[in-house]
Undergrad: 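This is the structure I want to talk about, given as structure tokens.
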Amino acid sequence: MATSGARPKPLKLLGLSIAVAATLFLSFSLLFTPNHRSSAVATTTAGYIPQLSNDGPTRRSLLALKSDPLKPRVDQIRKQADDHRNLALAYALYAMKLKLENSRMLRIFVDLSRNYAVLLNKPIYRAIFDSDSDSASIDESLLRQFEKEVKERIKVTSQVIAEAKESFDNQLKIQKLKDMIFGLNEQLTKAKKQGAFSSLIAAKSIPKSLHCLSMRLMEERITRPEKYSDEGKPPMPELEDPDLYHYAIFSDNVIAASVVVNSAVKNAKDPTKHVFHVVTDKMNLGAMQVMMKMKDYGGAHIEVKAYEDYTFLNSSYVPVLKQLESANLQKFYFENKIENATRDTTNMKFRNPKYLSMLNHLRFYLPEMYPKLHRILFLDDDIVVQKDLTGLWEIDMDAKVNGAVETCFGSFHRYAQYMNFSHPLIKEKFNPKACAWAYGMNFFDLDAWRKEGCTEQYHYWQNMNENRTLWKLGTLPPGLITFYSTTKPLDKSWHVLGLGYNPSISWDEIRNAAVVHFNGNMKPWLDIAMSQFKPLWTKYVDTENEHVQACNFSL
């Protein structure tokens, strides 16, 4: 023990080995953590110490001194002070090993140790430590004061050690970092799901400008029905002429459909030989009729119909319409809880109710919709035509049904990505490494289609997938299945994809493309469209149309 006026003996402790320091750290940190008192202290406080009188100092005889119960208490308090002084020095030693990073903590622990030494060497307390004295008894009030000061220092030491543990305990640091990383990963996953859900909402919602245009066009249709109605008029013979170039466009988006037609017509060598079959739903039929008849489109022939006009498309014939009557399928598509809608982030887009729309599945009924045609070019409403497309009708299809641009490269866009190859039926019939192709610009040989019975094959597979066990949803997987062995690859310059999600597409590819496709969430008519690609679409918008001008499309 250090004497009064002398420095404590840090040299002895500084000479301790790291093992001794670690032993002191573990034993005393467990002994004096905030929620645990030593058993000796608990025993002494609870039952060993007699009730002290408040009447002042009490003197005992020499015989009483030798058996005085206060003497063990003095030894216990002094031992606690010594133990905590040593503990503080052990932490100081470790802080010294860590050098500059913990120089502040070194000073703190040295000061704590010094405070204990100063307390133990106070002259006022020397009498109660002198075990050789046979003439003096212990002053209980002085003992209380000493005990109070020791406990105050122990409390401060325990608090400092508890706060310093993280700096000295590498395992604690590692565990805390692991917990932090785990928590951040959970937050990141949640944010990604919510971000994907928000992006999906932004992509699939109807913009105010598009809603405005539809309403204005419907108002025009109601005001002057005789100008836009085809009722009572004989059908144009060009609509069934197989020697002309026929296009199928299925859409409920009036501005998008008009851009497809306008871009195809402006790049056609002879627009009068092109026939566009635009099919929408009853709700948008009037607006689509007005949009297509307010412009000449270079003399091209345009037919606008609602798919409800094709009476054979009913639930007794079409599997998708029959499946729509299923409560489970309706729940899957129309549940509006974000935690359910975002449960499967990878395939979240397939939960969109648009995949129940007949407009998406009409592509499987082209031979029945146009029985007198031999060939037809299917175009999505988010494409832009940049070159004359009549060269497609000159391609030798080699008895294949579907002419399409393949999208696979490396291991990407193979059949395994679109279908469930753990299902025995899929595994038996298809090659998981087969190359996928793109919907959006597809040249169909309708005679070969009828010969191969492709619509019947589509019905078979769609019925088999009623519980979504063969593929998630959408129209590409059933298309890949239906035309598995009857697709002819087209040159990639016919159809360049990705303008709705990939900002890195080469401008040389875009300039050489006959058709560019804004597949993805960032459609060109939305505010979230990629600015570098949007002009490719906007230059074909009919900006002279008074209704387009009034609806502020931010062109």
Side-chain angles (χ1 to χ4, degrees), residues 192 196 199-200 203 344-350 355 360 363 377-387 389 391-392 395-398 400-423 426-427 429-445 461 470-524 528-530 532-534 536-537:
K192 281 183 176 180
S199 176
L200 192 65
D344 186 359
T345 309
T346 304
N347 299 291
M348 188 190 306
K349 65 179 182 177
F350 296 125
Y355 290 103
N360 274 290
R363 63 193 72 187
L377 181 63
F378 169 77
L379 296 175
D380 263 343
D381 63 1
D382 54 354
I383 65 101
V384 171
V385 179
Q386 299 188 128
K387 294 182 180 180
L389 299 179
L392 287 167
I395 292 176
D396 183 0
M397 290 291 288
D398 299 322
K400 301 293 186 180
V401 176
N402 171 36
V405 170
E406 293 183 327
T407 57
C408 62
F409 57 96
S411 61
F412 296 98
H413 296 289
R414 302 283 177 176
Y415 268 52
Q417 291 181 273
Y418 300 97
M419 287 168 276
N420 177 21
F421 274 86
S422 64
H423 195 288
I426 293 292
K427 187 176 182 179
K429 297 289 185 180
F430 305 99
N431 179 3
K433 295 182 180 180
C435 188
W437 43 264
Y439 258 141
M441 191 213 74
N442 302 83
F443 189 71
F444 290 111
D445 186 326
W461 288 105
L470 304 185
W471 65 85
K472 285 294 183 183
L473 288 169
T475 51
L476 181 56
L480 295 175
I481 289 176
T482 301
F483 306 112
Y484 175 57
S485 58
T486 58
T487 295
K488 178 182 177 64
L490 301 179
D491 188 274
K492 292 185 182 296
S493 63
W494 281 111
H495 185 193
V496 171
L497 298 99
L499 278 72
Y501 70 89
N502 183 8
S504 304
I505 301 173
S506 164
W507 275 101
D508 288 337
E509 283 187 75
I510 292 174
R511 280 188 288 268
N512 293 329
V515 168
V516 290
H517 193 172
F518 288 83
N519 59 311
N521 284 341
M522 291 177 274
K523 302 299 185 187
I528 61 174
M530 285 187 277
Q532 69 267 39
F533 299 143
K534 191 169 182 176
L536 298 171
W537 181 83

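In what follows, residues are counted from 1 in the order of the sequence shown.
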Undergrad: Indicate the atoms forming the closest heavy-atom contact of Phe421 with Lys427, along with that distance.
TA: O-CB, 3.6 Å
Undergrad: For Asp445 and Val401, what are the C-alpha separation, side-chain angles and deciding distance, and is it a side chain to side chain contact (heavy atoms under 4.5 Å, CB included)?
TA: CA-CA 5 Å; Asp445 186 326; Val401 176; 5.6 Å; no
Undergrad: Under the 3.5 angstrom rule, does the side chain of Lys387 hit a backbone N or O of Asn512 as a donor-acceptor pair?
TA: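 It does hold such a pair.
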Undergrad: Rounded to the nearest 0.5 Å, what separation is found between the CG atom of Leu499 and the CD1 atom of Ile505?
TA: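 One gets 4.0 Å once the value is rounded to the nearest 0.5 Å.
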Undergrad: Taking ring pair (Phe, Tyr, Trp, His ring centres under 6.0 Å) as the test, write out the residues that go with Tyr484, two or more places apart.
TA: Tyr415, Phe430
Undergrad: If you round to the nearest 0.5 Å, how far is CG of Asn420 from CH2 of Trp471?
TA: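 Trp471 atom CH2 to Asn420 atom CG measures 11.5 Å (nearest 0.5 Å).
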Undergrad: Just how far is it from atom CG of Leu497 to atom CE of Met441, taken to the nearest 0.5 Å?
TA: 9.5 Å
Undergrad: Does Gln532 reach the side chain of Pro503, with side-chain heavy atoms less than 4.5 Å apart?
TA: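 Of all side-chain heavy-atom pairs linking Pro503 with Gln532, at least one is under 4.5 Å.
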Undergrad: Does any pair with a residue in residues 494-504 pass side chain to side chain donor-acceptor pair (under 3.5 Å), and if so which ones, sequence neighbours excluded?
TA: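 Applying side chain to side chain donor-acceptor pair (under 3.5 Å) to every pair that reaches into residues 494-504, excluding sequence neighbours, yields His495-His517.
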Undergrad: Between Asp381 and Lys523, does any side-chain N to carboxylate O distance fall below 4.0 Å?
TA: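 Salt bridge absent between Asp381 and Lys523.
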Undergrad: So which heavy atom on Ile510 is nearest to which on Phe533, and how close?
TA: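 Between these two residues, the closest heavy atoms are CD1-CE2, 3.5 Å.
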Undergrad: How close do Asn402 and Met397 get, counting heavy atoms only, and between which atoms?
TA: C-CE, 3.8 Å
Undergrad: Show your working on side chain to side chain contact (heavy atoms under 4.5 Å, CB included) between Phe518 and Val384 and close with a plain yes or no.
TA: CA-CA 8 Å; Phe518 288 83; Val384 171; 3.9 Å; yes
Undergrad: When rounded to the nearest 0.5 angstrom, what distance separates CD1 in Ile383 from CG in Leu536?
TA: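 The CG atom of Leu536 is 12.0 Å from CD1 of Ile383, to the nearest 0.5 Å.
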Undergrad: Which atom pair, heavy atoms only, marks the closest approach of Gln417 to Ser411?
TA: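 In terms of heavy atoms, the two residues are closest at OE1-O, 3.7 Å.
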Undergrad: Under 6.0 Å between ring centres, would you say that holds for Phe483 and Phe444?
TA: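 Yes, they do, as the ring centres are separated by less than 6.0 Å.
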Undergrad: Under a 3.5 Å distance rule, please check whether Asp491 uses its side chain to pair with a backbone N or O of Ser493 as donor and acceptor.
TA: yes
Undergrad: Roughly how far, to the nearest 0.5 Å, is the NE2 atom of His413 from the CD atom of Glu406?
TA: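 Output value for this atom pair is 12.5 Å.
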Undergrad: Can you find a heavy atom in the side chain of Asp380 that is under 4.5 Å from one in the side chain of Arg363?
TA: yes
Undergrad: Determine the minimum heavy-atom distance between Lys534 and Pro524, stating which atoms define it.
TA: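 For Lys534 versus Pro524, the nearest heavy atoms are CE-O, 2.9 Å.
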Undergrad: Angle between ring planes, Trp437 versus Tyr439, binned at 30° and 60°: parallel, tilted or perpendicular?
TA: perpendicular
Undergrad: How long is the span from the CG atom in Asn431 to the CD1 atom in Ile426, to the nearest 0.5 Å?
TA: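 CD1 of Ile426 is found 12.5 Å from CG of Asn431.
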Undergrad: I need the minimum non-hydrogen distance between Leu389 and Ala514, along with the two atoms involved.
TA: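 Looks like CD2-CB, 3.9 Å.
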